[in-house]
Amino acid sequence: MSTRPNIVMILTDDHAAHAISAYGSVVNTTPRIDEIAAAGRRFDNCFATNSLCSPSRASILTGTYSHVNGVTTLVTPIDASQPTFVSALKEAGYRTAMIGKWHMGDGAGHDPQHFDYWDVLIEQGEYVDPTFLDKSGLRTEPGYATDIITDLALNWISTLDDGPYCALIYHKAPHRPWVPSPAYQDRFTEPIPLPSTFHDDYETRSSSARRAAMRIAEHLTLEDLKTAPPTGLSYEEEALWKYQRFMEDYLRCVASVDDNVGRVTDFLRERGEFNDTLLLYASDQGFFLGDHGWFDKRFMYEESLRMPLVLSYPSRVAPGEPIAEMVTNVDWAQTILEAAGVEAHPRMQGRSFWDLLQDGLSARRDGIYYRYWEHDDVFHKAPAHYGYRTARYKLIYFYNDGMGIPGCGWGTYPPEWELYDLETDPAELHNVYDDPSYLGRREELKVAMWREQARLGDKPHPSQPRPVGA
Ligand code: CA
């Protein structure tokens, strides 16, 4: 038996962990994703280091943070020649493919590299009859994107003979504008439970967070909703109507994803490869599903920061308890390479968590560093911030400055801090930054964040004073 696993990564776009039944969803079930978790492991604290589509994809591929790979916002395209886990696998003899939503820029220098086969959507792509780009040019594929992307991936694998392969199956779903397959048009019509923080009044939160144009009640468009709200509703009634309408389509898109995850699993079993395949299901970041009254992501708050990640590899990873250790999307590249026995590129900045899948005994990191760069973009108005999360605390510095980076707005605002105690306040409703009883902890966290920035080669914003002791 080969010790080199096949690598199959199914990555979706904006699928929150709390819309996966393996993670305890109360709004839907996802039996085929759950099956991977049951055959392998579920990560409960996997975090995006920049909760936005293109930057997360670049971090996953390159094993580096946004300030190193250069993909800080949605409009800073990747230099696709940089080393990735895929380039390392290819050099080691793997056959490699990228199918679906690339979304890190199109054109020379930005199209996928290091893949034997690539076939991708243009920018955000379409749900219905999508346009694909491959080495021979553009074409339209009739049908529903989630089904087509799976078809193309399985067709490619079917052409391979013995020897390991790496297939990246990257879906558009369930990204905005949440267009479901006609097959699921009638699902989820019962009232969908509201999250407990739907009515968050942001009382202790910074004004930076309040500025975001991500409110279910106010910022979903007619394209998102597909139909205008009934007339005569109160503000509150209309907010609830919009929540239901948004969630119906979001969950229908997820239902297609789950079915197509099952198609991949069944296919691998039929080929006799399931046990020797490192099969990952994940999303590029989390998503607010009405949490804090929002949709979208971007913020360092839990629902957006947390990435669902389940994986199976039965011949070398025993099923077990969910993994609570904090890992990040920057860690995946080195983890995959370690599983394949291939050396990682020295510029990679993560930490393989392969050991957690073996004995689970290694000392882990104290905290994770986060930075959202796309300040004040025209649609979402989310503020630039960075922060540091430990197992218990989360410190956030809203520096509120686009720094001239493409994709950012020109508005700047005074910097603000937030601090949350995740043990006493897991929903992050009480900013305790100015609470005297947290003063010592807060200053320690500032030092830890400063040091982590230095270690990673990122620069604190000029407005942030150097913490005492750093
Ligand atoms: Ca995304």
Side-chain angles (χ1 to χ4, degrees), residues 9-20 23 30 33 43 46-62 65-66 69 71-78 98-106 112 120-127 130 145-146 149 168-179 212-214 219-220 223-224 246-247 249-251 253-254 256-258 260-261 280-291 294-310 328-330 332 370-374 377 379-380 382 407:
M9 185 193 295
I10 306 172
L11 188 79
T12 43
D13 198 333
D14 295 1
H15 189 187
H18 50 309
I20 295 177
Y23 282 90
T30 49
I33 296 171
F43 287 80
C46 179
F47 299 121
T49 48
N50 180 355
S51 181
L52 195 60
C53 309
S54 315
S56 180
R57 282 146 204 275
S59 286
I60 289 168
L61 209 54
T62 63
Y65 287 76
S66 303
N69 62 52
V71 185
T72 48
T73 72
L74 294 181
V75 293
T76 48
I78 194 168
M98 162 73 219
I99 305 104
K101 187 168 177 179
W102 172 250
H103 197 210
M104 290 181 285
D106 304 303
V120 296
L121 302 173
I122 307 299
E123 295 183 353
Q124 294 282 4
E126 301 84 23
Y127 274 106
T146 310
I149 290 166
L168 307 187
I169 308 173
Y170 281 19
H171 291 295
K172 171 180 176 59
H175 191 278
R176 195 179 192 177
W178 314 296
V179 178
M214 291 165 31
H219 302 112
L220 288 171
E223 187 194 16
D224 297 329
F246 150 64
M247 286 296 285
D249 282 347
Y250 182 89
L251 296 176
C253 290
V254 169
S256 285
V257 165
D258 193 58
N260 278 285
V261 167
L280 304 99
Y281 178 82
S283 172
D284 57 355
Q285 8 68 207
F287 210 71
F288 298 106
L289 300 176
D291 311 279
W294 285 323
F295 62 95
D296 218 75
K297 56 269 183 179
R298 299 165 189 271
F299 281 109
M300 199 190 169
Y301 304 129
E302 293 291 271
E303 296 86 354
S304 153
L305 181 69
R306 177 169 289 107
M307 310 168 80
L309 171 63
V310 297
T328 76
N329 56 352
V330 170
W332 299 7
Y370 179 87
R371 184 163 185 172
Y372 173 76
W373 295 78
E374 196 177 279
D377 83 291
F379 297 113
H380 306 86

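Whatever order the structure lists them in is the order used to number ligands and atoms, beginning at 1.
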The Ca ion (ligand 1) as vertex, arms to OD1 of D13 and OD2 of D284: angle to 10°?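 Result: 90°, to 10°.
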At the Ca ion (ligand 1), what's the angle from Q285 OE1 to C53 SG, rounded to 10 degrees?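 That angle is 100°.
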Spatial distance of atom CZ (R371) from atom OG1 (T49) [nearest 0.5 Å]: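 It is 12.0 Å, given to the nearest 0.5 Å.
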Give the atom name of whichever N/O/S atom in D14 sits closest to the Ca ion (ligand 1). OD1
Charged N to carboxylate O under 4.0 angstrom, D377 versus R298? yes
Report yes or no: does K172 contribute a side-chain atom to a donor-acceptor pair with the main-chain N or O of E126 at less than 3.5 Å? no
Please check: side-chain N/O of E374 versus main-chain N/O of L74, any donor-acceptor pairing under 3.5 Å?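 Side chain of E374 to backbone of L74: a pair is present.
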